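Presented below is the structure to which this report refers.
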Amino acid sequence: MSDIEIKDNPDIKSELQTPPEPGYSEWRKDENTLYNDGLPEEEKDWFCDARPQKARKSVQVIENFLNWARSQSLWILAFGTGCGAIELRPLVTSRYDISRLGMQPRPTPRQANLIMIGGYVSIKTLKRIVRSYEQMQGPKFVVAVCSCAINGGMYWDSYNTVKRIDEYIPVDVYVTGCMPRPEAVLAGFNKLKELIKAGKAEGQNLYIERFDWYKENQKKVIKDWNMPDYNW
Amino acid sequence: METLYKELKQYFDVDEFSVQKASLAFLRVPKSQLVSLLTHMKDIRGYTHLVMVTCVDYLEQDSFLLTYLLHNYSTHCDLGIQVSISRQNPVMDGIHHLWEQGRVYQRELFEMFGIDFPGSPDVHEPMILEGWQGPPPMRRDFDTKAYSEATYSHRPRDHKEPEEYMKQQLYPED
Amino acid sequence: MNLAYKIFWAFISLGVVTVWGLTLNGIVHKIFARVQGRLGPPVWQPFLDIIKNNSIRTAISHGVMFYLGPVFRIAGGIGTYMFIPVLFGSVYFSNFSMSGDVLLVMYFIFFGQLGMALGAGEGGHPYSAIAVSRGLAQMTAFEVPFALSVISLALQYKTLSITEIVAAQQGSFLNWTLFTNPLAVIAAMIAMLGMNMYNPFSLVIAPQEIPIGPPTEYQASFLGLLATNRGIFGGAKLVLFMNLYFGGATNLVELIVKTFWIYMLSVFVGAAYPRFRTEDSIRFFLKYPTALGIISVLLFSL
Amino acid sequence: MVNPLVIIAMFLGAVFLIALLDKIGRSLSMTLMFMVLTASCIMSVWQITQLFGNSGAATDYITAGFRAPLSIVLRFGFLEAILVLILNLLGMLGAIYLGKEFCEQGAKPIALYLTAILGATGLILTRDIFNTFVFLEILSIATYALIAIKQDKNSLAAGIKYMLAGGLSSSLFLVGVVFAYRFTGTLNIDVWLGMPQVPKAGYQVAVFLVAMGLFIELKPFPANGWALDLYQSAHSGLGAIISSVNTAALLYVFYKVIPLFSPTLLAVITGAGLASFILANLVALRQQNAKRLLGYSSTSQTGLIIFAMGAMLQLKVPSELSLMVVFGLLITNLLAKSGLFWLSGIMQSQGLKSWADLRHSGSPAVHFALFIIALAALPPFPAFFAKWQLVQLLGATKAWVWLAGLLLGSLLEIVYLFRWLGQVFSRENEPKPLYIDALKLVPLLGVSVLLVGLSLLLGRFHPELDISAIYPVLAFILIGALDFLPARLKGLLLIGITGYWAWFGLLPSLPLMGQVFVLILVGGSIAQIFGFMRYQRAAEGMFPSLALMVFAMGNLVVAGTKLEFFMAWELMTLGSYFLVLRGKNGRFPALSYMVFSSLGAYLLLAALAMIPNTFKGYPLLIQTAFIPMGEIAGLLALLAFLIKLGAVGLHYWLPGAYSEADDESSSILSSVLSKAGVFGLMLVLLMFLGKISGNSISMVSLGWIGVATAFFGALMAVFQEDAKRLLAYSSMSQMGYIIAGFSLMSHLGWVSAVYLAINHLLFKALIFMAMAGVFLRTGTRNMYEMGGLIKKMPIAFISVLMGIIAVSGVPPLSGFGSKWFIYTSLIEQGRVLQAALAFFSSAISFLYLYKLIHTVFLGQAKPQLSNVKEAPIWLIIPQAIFIMAIMAISVFPNLITKPLSLAVGDFIAKPEWLSWDGYNMVLASPWLKGNWNGNLVMLVTMGVFMTPLIWLILVNAKAQKVKQFNIVYAAERPYKPWTTHVAYNMFAHYDKALGFLVKPRITGFYNGVAEWTHSFASTLSRLYTGNGQTYLLHIFLYMIFLYSLLGVN
């Protein structure tokens, strides 16, 4: 399976064009608090306004062990945005059976480690993706499937579809194809496992590090931002 | 369908009748008579099901062509009633009082084409495009490509030609 | 045996049941997978999941009760186990079973469920509350045949003490409650289907409609505790059933064999059946198993 | 010695003088009137003192110097003197009330008024039948004329009707007298009485006519239409005089002639009296006009008194006793009825609803309550003692039908009287300001003082009562007098006196079981009185009722005689009734509570009438072994206490009463008051101890009632949305277990029942107090309007959490003990199916308990409750007390199990197989073995709880605190808290499965009974057409009916 092209995180990082802006944007109160300006005044009480902090790793030896355990027990939040979502179903059937890899679909982001974005991402969907991603507990990993998720695919000139998800959330592994075969997705998962074991899948911390940049990008396209700045 | 057209002709100013197949026909009606014709079809002719409401933007003729597709359960016939309205002042009478679901189509038409239906419930609420701020996107004079390029960043193309690259990957010995 | 030894052996026995319970979970997943023609996860997958869950770096908490919910749950599991004598005749594996009888165990089962329900409630997630209401409703129903069967046992053996009930079943396998009081056993085993919340009584955790049920909001080490409890609590229930109905066990091998096969019942039913709605499962439990329980009670009270 | 002629002459003279004096000055004639009335009062008092000193003195006075048959004889004995005194006192008070009218209209009404009083006095004094007729006419004519005081159409029309009916009855009387003279040759009643029965039919007719003449004047139902119209439209001052003075005088005349009646006539008249009592009360149910209602009440009371006279004569009861009964009934009726009539004059409108205006009027409201309670024959008023005595007599002579009739009528009476009381005191009706003439308050005050004074005297010197029996009343008066003080002071005072009394008065005198119940009833109340101290201001009316109830509950335990017990029971009911009534929507619940409680009380009364008297000074607990109780009596008493416990089928009143009272009151009602029922139940069963075994049919049925109550109570609680109703049903459910425990009649069963009772007290009061704080802060009782309060009210949450763990029986808290006890005791006795049903109910309790704690404290916080804060300290004090108590008995269960076993051991010996090994309670019966070591369970639980907690804190110390909307919502965000909170109809699926069991059948049944009774009453009330001729026809028909009953040929 190694003969199918896989793009992993370091490649994409090199393509990031704009580095994060230094300093505080107007929606960020201070190092630990967010303004949550998108919310009406009476709703601000209902949402947590803490700014996420970078998670600390343990001692390297332990961390290696934990990374191994994480790679052996990936719980998937399948975000079926487009046609690529179809590809997850065969994965749990007897033919491909991801459960032998220790993976299982999980219906709630709280308990999932891996969000799988299955296709084109419209603005409306992007909002939900961001929310679900932020609700996951770290370390968390993103696998984006289909060319639509990589460069817009057939929606390259659509008025309502983003063309690159990595501007909005950090993606660990892309799987190309329109649509990719389940084997390809499996290969993607295997790649992700390798990355995790190597300690390279630190998308969560990347997101926190470049939090302002990601938020700017998200807010640029999501016009009705009626949610807190970070969905805890 | 022919007979139906002839009978309708006695009461309404219908024209441009065209039969697509035995159970599907279209006809056109002036804007002012649309609602009464629909009421007539629903109450008397048995066309009780509103299948859909669509719109085509005839930019050249400066008009929107709305099509109300009705279905008759007893004869299993479909009749498309078309009405042409001006692009300059796209306002139309609502049919949500005849079919409850009509308001959904009307919301969609407002969002996508900017056709207003005064009195239709929630017609100005965003439906599919949350927080959309541009012009109605389905109008033909809206350039989606330009909009997309202006709004969303494009991933630079990988310089490897796919065909070559795959060949290298798969059959490196060739 | 002084208290320190007692506690020491209680920990050992807890360790045994945790490992065995989690392994059983792994085996069950394997079996489910094989029934569906899959390879299935490795048997040690539950352990990996627990390690993974405890290694999650971030966590959220909705409040004190939310924080304590899993603690209540696992305390309920451990406590239930602590009040059951594990091996008949063994002073080391009798836990703290001298503090009460089977009634204590039956009620201590509620301890964890109540605490968990409260924790889940503070999470504020509607699905949690819906699942808890379903779970409690179903619980009221399956407790009826179970209670009837325990009462029938009390009549049969004239005692509520689990140790004595096990003692009465020693000798030959024909002395097992299974053979001396089959109706009560059937009623109790059907009740156990409800307790284990496999199909057809899985509406509580219904993963599609109300994701995972009560623990919807739980993550990280909270979930780790809950997953550990699945092993302990499941094991405790199996040991209880084994003691009450299947002659108990005198050594660990017997324990493992018996609990395995007891568990298999609900696994096989769970793998083969679709799901009841709450009201249907209530009606079901209050019909046939309850009738069986009543008959068995009447048989022994006359 | 006073010659009664002096009184008569004085009156006559005054009447003539007034006509002259009035020309000189109005005030002069008024003064003369009062002087005359005062003088006659003084003379009666003088006569009484004289008679006390010289009991053998002659009391008969011959007017013209001839001997008895030839001249008119007046008697001025003890009885007469008292009656004259009372009549004149009432006359005086009435005159004060009518003062304004007298001033305006001058000599004529004054003279007429004096004449009427004279007539009444004469009626009492004379022993001559013809002379009676004369005085009767004087009285009647003076009354007709007085009606003209109020000059409106209705009043005059009513006067005419009165005149017609009066004329008719007088002529009957006169004809009868004439005939009787023909047969006996004398007019002197005493001579008649001395004569042997004249066998002639004609004589019977004569006596019948005399009797009818008097009887019609007494306005029996249904021949009372004219009187009703009169009461309704005449001046209230006059109504008061007619209903009191006239009635009393006539009744006394009736009393004089009643020994003449032949047995048949006596039976007929007695029956007619009883019928009048019941039916008039029945019709009164439909009345909305206060004065007309009073008219009915008058009719019924008169009927009752006639019934009492006749019945006792028939049963050959010693005349002193019967006199006591009749006098008790009469005096209460006189005072209360005239008081109520006077009050009705104060009111602007006679609609019962508009009487709510009284509420803020101060003393009139108190008077009103006094009068109503007195009329309803509740303690401590004389009528209560009279009715008690009457029932005892009827019971002793086994006159069951009459007893049943009497109790039925009394129950109907309770309904309308307390409905009226409810209209006045409930907070549902908004009162309008009321202008009250201060002068008109004087007579009210007078009768009230008389009533209370008499009651206290009676209570103090009643041979069957200990001094302590009136403590509740004294406490009520004391706290009531201090009602203006702030709540905290009153609360402290109440705690102080109650505590002192309980510690020094109650506890030392009681056996262990009694002490346990004092601890529950009084101790539990004291702890909760702290909660009542939260009120900033005076919280009028709350503390007196509370004091009454608490003291009565204490008395219940120490009661030695039947009467003491019953009196305490009634006072307790009364106190709790006022607490319920004080609630915001308390009117209907309080009424149904009162009606059901009274039903229970009357059943109890009947039961008590069937057992012999008990000894004063020894608590009933000690005496039970010696009291022989029949099965019927036992059944009735059991029913009575089951009503108090709210057993299924009899629980109609329960949810309303427990939920509509003020929050703290609800707490005390459901946690403490219900234990009074438990105590009663235990007493009854104690009497059957050794006679009926636990596996008899009756006890098994009782056990089924118990577990059915537990089951249905729990199931109904599941579907409540109102937290207090939920808790009320929960109480009902818990009472069910207690009933089942007692029904076992075994040591273990009783220990479990009392353990449950104590446990229920602790956790129910705990939850109620915590919830009281929640209701106070949130301003609602609907659980679905709350949510997420755990962050705002953590203490309340902890209390409720402890409470629900204790209710549900989850170890390690004491609740498990109660479950363990109840199951082991049930199984041990072979009640296996009951144990199963109990188990089912206890599982169901998880549903409502979770609903309670989740919908209130967990889930989504509502923005409108964002400024909620913790409850005031006063509500937290009781919670702390109860939490400590629960923890204490949970960690050290021996603190409670051992004493309970000892206490029960006094009655049912502890079996060998129940023993304690340290904290381990070992049960080794031949039927069942088991054990429970609460202490060890607690330790183990602590251990297994702390271990994972420490682990969790180690791994997960820094969990990010998030807010309520930071939940996973299928990638959406929740819309609003109230759409995200799962609360309303939380157990809809349970409703689908088992909801059919809790359709309101019982409620429907009782509503049906009520509706049927009311429609029957309104059918009956169509008799009264308002037409004088019809009324006369009624009188004739009634007379003919009675005559045909008589069977004279």
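Lettering of chains follows the sequences in order, A, B, ..., and the numbering in each one begins at 1. From a predicted model like this one, the values you see are computed outputs, not experimental measurements.
Residue A:Glu42: no heavy atom, backbone or side chain, is found under 4.5 Å from chain D. Both the backbone and the side chain of D:Glu972 come within contact range of chain A, each with at least one heavy atom under 4.5 Å from a heavy atom of that chain. A:Arg110 touches chain D through backbone and side chain together, each having a heavy atom under 4.5 Å away. For D:Gln960, the part sitting under 4.5 Å from any heavy atom of chain A is the side chain, from C-beta outward, and nothing else.
Donor-acceptor pairing under 3.5 Å is recorded for the side chains of A:Lys127 and A:Asn226.
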Identify all side-chain donor-acceptor contacts of residues 792-805 of chain D below 3.5 Å with residues at least two apart in sequence or on another chain.
from	atom 1	to	atom 2	distance (Å)
D:Ser799	OG	D:Ile795	O	3.2
D:Ser799	OG	D:Gln879	OE1	2.7

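Put simply, of A:Asp45, A:Val130, A:Asn231, the one with the most heavy-atom pairs under 4.5 Å next to chain D is A:Asp45.
Using bins of under 30°, 30° to 60° and over 60° for the plane-to-plane angle, the ring pair A:Phe47/D:Phe965 lands in the perpendicular bin. Ring geometry, D:Tyr990 versus D:Phe987: the interplanar angle exceeds 60°, so the pair is classed perpendicular (tilted spans 30 to 60°).
A donor-acceptor pair under 3.5 Å links the side-chain atoms of A:Trp225 to the main chain of A:Met227, judged by distance alone.
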